[in-house]
2 protein chains.
Amino acid sequence: MHESLRLDNQLCFALYAASRAMTQVYQPLLEPLGLTYPQYLVLLVLWEEDALLVKEIGARLDLDSGTLTPLLKRMEAQSLVVRKRQENDQRQVRIHLSPSGRALEGKAIEVPHALACRYGNVPSAYVEATRLRDALIGLRKHLRNGATEPPR
Amino acid sequence: MHESLRLDNQLCFALYAASRAMTQVYQPLLEPLGLTYPQYLVLLVLWEEDALLVKEIGARLDLDSGTLTPLLKRMEAQSLVVRKRQENDQRQVRIHLSPSGRALEGKAIEVPHALACRYGNVPSAYVEATRLRDALIGLRKHLRNGATEPPR
DNA sequence: GGCAAATATATTGTGCACAATCTATTTGCT
DNA sequence: AGCAAATAGATTGTGCACAATATATTTGCC
């Protein structure tokens with residue numbers, strides 16, 4: 001078999017597996033809050049800036065309306081957000097945090113904290129995680145840009 | 001808002017977004033082969049070692065029967081694999097490559113090649129991708145091990 | 001003003017992921 | 001042998017992702 005087809009050589013599989021492993025670590029921390037990981041992401045965005053359009057949330061998370069519309073409807077059914085059509089442009093839907101959606105931020109603070117503990121919470125681990133995060137952000141940007149020239 | 005809740009600080013989101021971006025780069029390369037990315041992963045495993053049990057494929061890809069059973073059934077419907085119950089242990093199902101599943105390896109060689117071109121195909125990019133891959137493999141191992149002690 | 005093109009969201013359909021449960025079979029113990 | 005526990009895979013149900021398409025509204029141009 002050709003070397004380039006070996007599973008353990010593949011960056012994509014490493015990404016895929018690590019991403020799923022990471023989400024599985026989040027899951028028991030989010031379950032008490034009644035959130036899935038993508039719902040948590042939407043709240044992270046709204047806690048940074050409330051009352052965004054669906055499109056703006058989509059731009060930050062790289063998700064389209066096919067994913068967001070039903071997800072936001074479920075969150076509205078849970079009274080975490082309120083969806084409001086814009087007055088001046090009826091095409092747009094603005095997503096507002098509800099009081100309970102806003103209140104959840106307090107509990108959510110514990111999530112990264114619990115993860116830090118779980119991850120070791122030592123400076124070397126923190127530095128390494130930061131470096132890894134930045135490499136991933138760079139990779140994603142590279143892939144999104146059509147990736148015609150090498151990174152860095 | 002607490003700094004630790006900022007989206008762009010989160011390793012998990014970087015992983016999630018990069019993984020999806022990477023899969024989207026594979027998609028147009030796999031579509032001519034009639035494969036989804038998880039189906040391609042199963043074939044990668046079988047090209048390395050044919051006639052594995054469902055359980056063994058699951059161990060390599062970190063997937064359970066809830067995901068693999070329907071996926072393998074779809075692949076069998078496409079005549080890429082054959083599912084055979086074991087004679088000596090009727091609980092087990094062994095997955096064999098069909099001739100066309102085996103033949104697909106030839107075309108699949110071009111997938112990593114096309115990616116390498118797209119990624120830049122320069123030594124620095126290769127080294128960096130290798131380093132990133134290894135960091136991700138380490139992270140995944142760490143997360144799966146319960147992650148009570150720091151990595152490295 | 002009228003209409004084509006653009007825009008924002010919604011809908012439909014397919015295919016994962018994954019928790020929870022179920023079924024069938026095998027193993028191990030006495 | 002007989003039976004509880006373990007094992008392998010299948011099933012069910014929920015929730016993403018995402019392509020493709022549809023709907024409704026707005027914009028820009030004549």
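Below, chains carry the letters A, B, ... as their sequence lines are ordered, and counting in each starts from 1.
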Visitor: Hey, does the side chain of B:Asp50 reach the backbone of B:His96 with a donor-acceptor pair shorter than 3.5 angstrom?
Guide: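 Between the backbone of B:His96 and the side chain of B:Asp50 there is no qualifying donor-acceptor contact (under 3.5 Å).
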Visitor: I want to verify a distance call: between D:dC16, C:dT9, D:dA10, whose nearest atom is closest to the B:Arg83 side chain?
Guide: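 Nearest to the side chain of B:Arg83 among the choices is D:dA10.
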Visitor: Should the pair A:Arg60-A:Glu48 be classified as a salt bridge under the 4.0 Å nitrogen-to-oxygen rule?
Guide: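 Here A:Arg60 does not pair with A:Glu48 in a salt bridge, since their nearest N and O are not under 4.0 Å apart.
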Visitor: For A:Arg74 and D:dC16, is the shortest distance between a side-chain N/O and OP1 or OP2 below 4.0 Å?
Guide: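 Checking D:dC16 against A:Arg74, a side-chain N or O does come within under 4.0 Å of OP1 or OP2.
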Visitor: Taking atom types as modelled, find out whether A:Arg85 and A:Gln90 have a side-chain donor-acceptor pair closer than 3.5 angstrom.
Guide: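 There is no such pair between these side chains.
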Visitor: Would you mind reading off the distance between B:Tyr37 atom OH and D:dC16 atom C1', rounded to a whole angstrom?
Guide: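 After rounding, the gap between these two atoms is 18 Å.
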Visitor: Can you check the A:Tyr26 OH to D:dC16 C1' distance for me, whole Å?
Guide: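 Going from OH in A:Tyr26 over to C1' in D:dC16 covers 18 Å.
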Visitor: Determine yes or no for a side-chain-to-main-chain donor-acceptor pair under 3.5 angstrom, with A:Glu49 supplying the side chain and A:Leu46 the backbone.
Guide: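 Not confirmed, A:Glu49 side chain does not pair with A:Leu46 backbone.
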Visitor: Sequence neighbours excluded, which residues qualify as side chain to side chain contact (heavy atoms under 4.5 Å, CB included) partners of B:Glu3?
Guide: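 If we apply the side chain to side chain contact (heavy atoms under 4.5 Å, CB included) test to B:Glu3, skipping adjacent residues, the hits are B:Arg6, B:Asn9.
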Visitor: How about B:Tyr26 and A:Gln10: does a side-chain donor come under 3.5 Å of a side-chain acceptor?
Guide: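 Side chains of B:Tyr26 and A:Gln10: pair found under 3.5 Å.
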Visitor: When the distance from CG of A:Leu72 to C1' of D:dG15 is rounded to whole Å, what number comes out?
Guide: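 Taking CG of A:Leu72 and C1' of D:dG15, I get 13 Å after rounding.
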Visitor: CD of B:Glu56 versus P of D:dA8: gap in Å, rounded?
Guide: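 B:Glu56 atom CD is separated from D:dA8 atom P by 10 Å.
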Visitor: Atom NZ of A:Lys84 to atom C1' of C:dT9: distance rounded to whole Å?
Guide: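 From A:Lys84 NZ to C:dT9 C1': 18 Å.
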Visitor: Would you call the rings of B:Trp47 and B:Tyr40 parallel, tilted or perpendicular if under 30° counts as parallel and over 60° as perpendicular?
Guide: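 B:Trp47 and B:Tyr40: perpendicular rings.
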Visitor: Dump the pairs, protein N or O against N or O of nucleotides 5-7 of chain D, anything under 3.5 Å, distances to one decimal.
Guide:
unit_1: D:dT7; atom_1: O2; unit_2: B:Arg91; atom_2: NH1; d: 2.9

Visitor: If you find the nucleotide of DNA chain C closest to A:Leu53 and the one closest to B:Asp89, which residue's nucleotide is nearer the 5' end?
Guide: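 Between the two, 5'-proximity favours A:Leu53.
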Visitor: Roughly how many Å is it from CD in A:Gln90 to P in D:dT27, rounded to a whole number?
Guide: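 For the pair A:Gln90 CD and D:dT27 P, the rounded distance is 12 Å.
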Visitor: Write out a two-atom table: protein N or O, nucleotide N or O from nucleotides 17-23 of chain C, distance below 3.5 Å.
Guide:
unit_1: C:dA17; atom_1: OP2; unit_2: A:Tyr16; atom_2: OH; d: 2.5
unit_1: C:dC18; atom_1: OP1; unit_2: A:Gln24; atom_2: NE2; d: 2.7
unit_1: C:dC18; atom_1: OP2; unit_2: A:Arg20; atom_2: NE; d: 3.2
unit_1: C:dC18; atom_1: OP2; unit_2: A:Arg20; atom_2: NH2; d: 3.1
unit_1: C:dC18; atom_1: OP2; unit_2: A:Gln24; atom_2: NE2; d: 3.3
unit_1: C:dC18; atom_1: N4; unit_2: B:Gly66; atom_2: O; d: 3.4

Visitor: Can you tell me the distance, in whole Å, between the CG atom of A:Leu35 and the P atom of D:dG15?
Guide: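 Value for this atom pair: 12 Å.
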Visitor: So, B:Tyr37 versus B:Gln24: side-chain donor-acceptor pair below 3.5 Å or not?
Guide: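 No, no side-chain donor-acceptor contact under 3.5 Å.
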Visitor: At under 4.0 Å between heavy atoms, what does B:Arg85 touch on the DNA or RNA strands: base, sugar-phosphate, or nothing?
Guide: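 Here B:Arg85 touches the backbone only, sparing every base.
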Visitor: Could you state the interatomic distance from CD (A:Glu56) to CD1 (A:Ile95), rounded to the nearest 0.5 Å?
Guide: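 Between A:Glu56 CD and A:Ile95 CD1, I get 10.5 Å after rounding to 0.5 Å.
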Visitor: Rounded to the nearest angstrom, tell me the gap between atom CD in A:Gln39 and atom C1' in D:dC16.
Guide: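 Spelled out: CD on A:Gln39 to C1' on D:dC16 is 10 Å.
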Visitor: Any side-chain N or O of B:Lys73 under 4.0 Å from OP1/OP2 of D:dT11?
Guide: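 Indeed, a polar side-chain atom of B:Lys73 lies that close.
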